[in-house]
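Okay, structure first, notes after.
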Amino acid sequence: MGEEVGEVVFVRRASGLVREVGPFSALSIVLCHVIGGGINFFSVQASVYYPGANVPLAFVIAGIPTILLGLTIALMAIAMPRAGGDYIYITRVLDPTIGFLASWCFWYTEAVSYGIIAAVDVQFWGLSVWTAGLALGDKGLQNVGLWLMSDPVAWLAIGFVLVTIFLIVGLLGLRLYALIMNILLIIPVIGSFLTLGAFASGMGVAKAKWESLFGAGSWDAVFEVAEKYGWSVEEYGIGKSFVATMQATVPATWAYIGFTATAFVGSEVRDPSKSFMIGVFIGTIIIAAYYVVVSWAVYAAYGNFVSAYTFVTLNADAAAELASRYGMTALPSGMLPFFAAVLVHEMGAVAFFIAITGAIWLMNDIPAFLLVCSRTVFAWAFDRFFPEIFAAVNRYHSPYIAVIFTSIVGYISVVGTVLNVQAMLVDTTVLAIFRYLFVALTAIMFPFRRPDIYEKGLKLEIAGIPIVTIIGWIAFTWWTYIFWFTSTTLDPLGILVYMVWEGIGMIIFTGYYVYNIRRGIDVSTIYKEIPPA
């Protein structure tokens with residue numbers, strides 16, 4: 001697989017990857033990775049999982065350090081544009097052991113989220129079918145949509161199909177991959193503007209719109225059923241609890257995961273200075289602004305109704321009772337596009353477009369997750385700290401073994417998601433923040449630990465102090481605060497998963513450290529050098 005040990009410290013003298021990603025694709029990868037289930041699904045469900053939370057504020061609290069970290073990542077990516085993203089930055093600046101561990105934990109986050117997205121997306125496609133049936137007056141089509149939104153068997157089967165489709169595309173190289181992502185980006189962007197417009201038009205008239213669709217008294221019926229099964233304004237009302245708001249940074253943070261996605265394909269990015277600033281930094285600002293505005297808009301339009309209805313849909317008995325009152329076989333899932341579509345249901349085409357927007361945003365996550373996961377595995381292997389076969393590339397310049405491996409994990413996580421979505425969400429988020437802390441520490445020390453690399457990048461300073469250091473320090477302290485609040489949401493099983501996963505990671509890293517030394521490879525040299533492009 002590799003060169004002769006004495007000739008080169010890396011697996012090859014060249015990565016075999018090709019620079020196919022320009023500024024627009026760099027932005028597309030980030031937007032496609034990030035905007036999806038976190039805002040369209042869990043932004044609504046957070047009002048139930050964290051009673052009394054101010055969800056828009058949670059997006060602000062998580063969004064500010066995310067933007068700051070996005071700037072530090074962009075600056076480090078410009079200086080070190082290589083596959084693997086912050087695995088490269090942490091190992092070359094801070095410490096190889098910490099870098100591998102942080103990357104190992106984040107890879108778990110990404111790979112598991114890959115399955116979460118594939119399974120959850122089926123519910124959004126179900127909403128699209130239901131909305132189409134609504135527009136056409138077709139009860140059968142509406143029932144198919146309700147089945148897709150409520151049946152775990154459908155989530156499993158179609159989730160597998162989605163993983164398979166992007167596995168095949170991923171094997172054909174990044175040029176085609178990026179083109180498809182760019183095309184798929186345009187539709188949901190338009191739909192997001194329509195979604196904001198729907199919420200703006202519905203402020204003050206949401207009850208009337210709801211009852212014009214579901215019948216007189218249907219609005220109050222939601223509150224009646226919700227209260228019967230334990231919901232109350234005193235406990236679940238918006239903004240009742242700061243602690244709950246901080247805990248709601250779990251889905252908020254999960255919704256932001258992937259803002260560094262373009263950095264992971266660093267070896268495949270053209271014009272790094274422009275592409276990383278646009279893709280990672282500007283992209284993160286766009287995402288944060290959209291998240292805060294649209295999450296505020298749904299609660300501004302509906303108020304505590306969002307929490308009450310979502311509470312009912314998450315309680316099987318309550319959902320069955322309300323569905324019976326509505327004369328329906330099941331209830332549409334509580335999700336952001338659903339609440340928007342209801343407000344414009346008289347305009348069938350617009351309602352359908354809004355519904356399908358949620359499905360496409362979520363589907364777009366899948367190819368971006370695959371990019372991040374496969375390039376991370378590729379980077380480990382290229383450094384000789386994972387089986388070297390994973391550094392192999394095919395004639396389309398795709399790290400195909402890493403792509404296949406990631407997809408296998410994706411299939412497994414689809415199954416896990418069907419069994420328990422929320423537990424997997426919490427577990428992956430804490431690991432993501434764990435990694436953010438080390439990224440921020442790396443940014444702080446970057447100009448001083450590796451001035452030779454820093455001088456080659458984009459040097460931004462205030463009074464002689466590097467911007468990357470200042471912003472890194474603010475991000476680190478802020479993420480520390482969120483980290484401890486987020487940790488309070490863990491259960492013993494989640495902690496056990498961390499213990500086992502991190503232990504496995506350290507076995508792999510230590511084992512390859514010893515193995516490489518015995519092969520005569522200067523391990524210290526590997527992490528002093530930037531891998532070849």
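Keep in mind it's a predicted model, so treat the numbers as computed, not measured. Residue indices begin at 1 and follow the sequence shown.
By the 4.5 Å heavy-atom criterion applied to side chains, Ile35 and Pro188 are not counted as neighbours. Between Asp365 and Leu362, the closest side-chain pair of non-hydrogen atoms falls below 4.5 Å. In this structure, Pro51 and Lys240 have side chains that are not in contact, with every pair of non-hydrogen atoms separated by 4.5 Å or more. Using a 4.5 Å heavy-atom threshold, the side chains of Phe483 and Tyr436 count as separate. Phe199 is listed as a side-chain neighbour of Leu336, based on a closest heavy-atom distance under 4.5 Å. Counting heavy atoms from C-beta on, the side chains of Val144 and Trp130 never come closer than 4.5 Å. Within the 4.5 Å cutoff, no side-chain heavy atoms of Val169 are placed close to those of Pro367. Under the 4.5 Å side-chain criterion, counting only non-hydrogen atoms from C-beta, Ile183 is not in contact with Ile180.
The two residues Thr357 and Ser192 make their nearest non-hydrogen contact at CG2-N, 3.9 Å. Between Ala62 and Thr253 the shortest heavy-atom distance is CB-OG1, 3.7 Å. Taking all atoms of both residues into account, the shortest heavy-atom contact from Leu370 to Ser407 is CD1-OG, 3.9 Å. Between Met335 and Asn40, the shortest heavy-atom distance links the atoms CB-O, 3.4 Å. The minimum heavy-atom distance linking Ala330 with Ser150 is given by the pair CB-OG, 4.5 Å.
With Asn54 contributing its side chain and Phe242 its backbone, the two residues share no donor-acceptor pair below 3.5 Å. No donor-acceptor pair closer than 3.5 Å links the side chain of Ser28 to the backbone N or O of Phe24. Using a distance-only test at 3.5 Å, with no hydrogens or angles considered, a donor-acceptor pair links the side chain of Trp155 to the main chain of Leu148. Of the possible polar contacts, one joining the Ser413 side chain to the Ala111 backbone as a donor-acceptor pair under 3.5 Å is found. When atom types are taken as modelled, the side chain of Thr245 and the backbone of Ala58 share no donor-acceptor pair closer than 3.5 angstrom. Trp479 contributes no side-chain N or O that, together with a main-chain N or O of Phe438, makes up a donor-acceptor pair within less than 3.5 Å. Side-chain atoms of Trp501 come within 3.5 Å of backbone atoms of Trp104 as a donor-acceptor pair (strictly under, hydrogens ignored).
Taking the ring centroids of Trp210 and Phe338, they lie under the 6.0 Å cut-off. Aromatic ring centroids of Tyr411 and Phe160 lie under 6.0 Å apart. Under the 6.0 Å cut-off for aromatic ring centres, Tyr87 and Phe106 do not qualify, their centroids lying 6.0 Å or more apart. The aromatic ring centres of Tyr108 and Phe434 sit 6.0 Å or more apart. Separation of the Tyr290 and Trp361 ring centroids does not fall under the 6.0 Å cut-off. Checked against the 6.0 Å centroid criterion, the rings of Trp231 and Phe223 qualify as a close aromatic pair. The aromatic ring centres of Tyr302 and Tyr309 sit 6.0 Å or more apart.
We find the CZ-CG distance between Phe369 and Asn364 to be 11.5 Å, quoted to the nearest 0.5 Å.
Between Lys228 and Glu224, none of the side-chain N atoms (NZ, or NE/NH1/NH2) sits under 4.0 Å from a carboxylate O, so this pair counts as no salt bridge.
The closest side-chain donor-acceptor pair between Ser307 and Tyr299, if any, does not fall under 3.5 angstrom.
Note: Tyr291 and Tyr256 have tilted aromatic rings, judged against thresholds of 30 and 60 degrees for the angle between ring planes.
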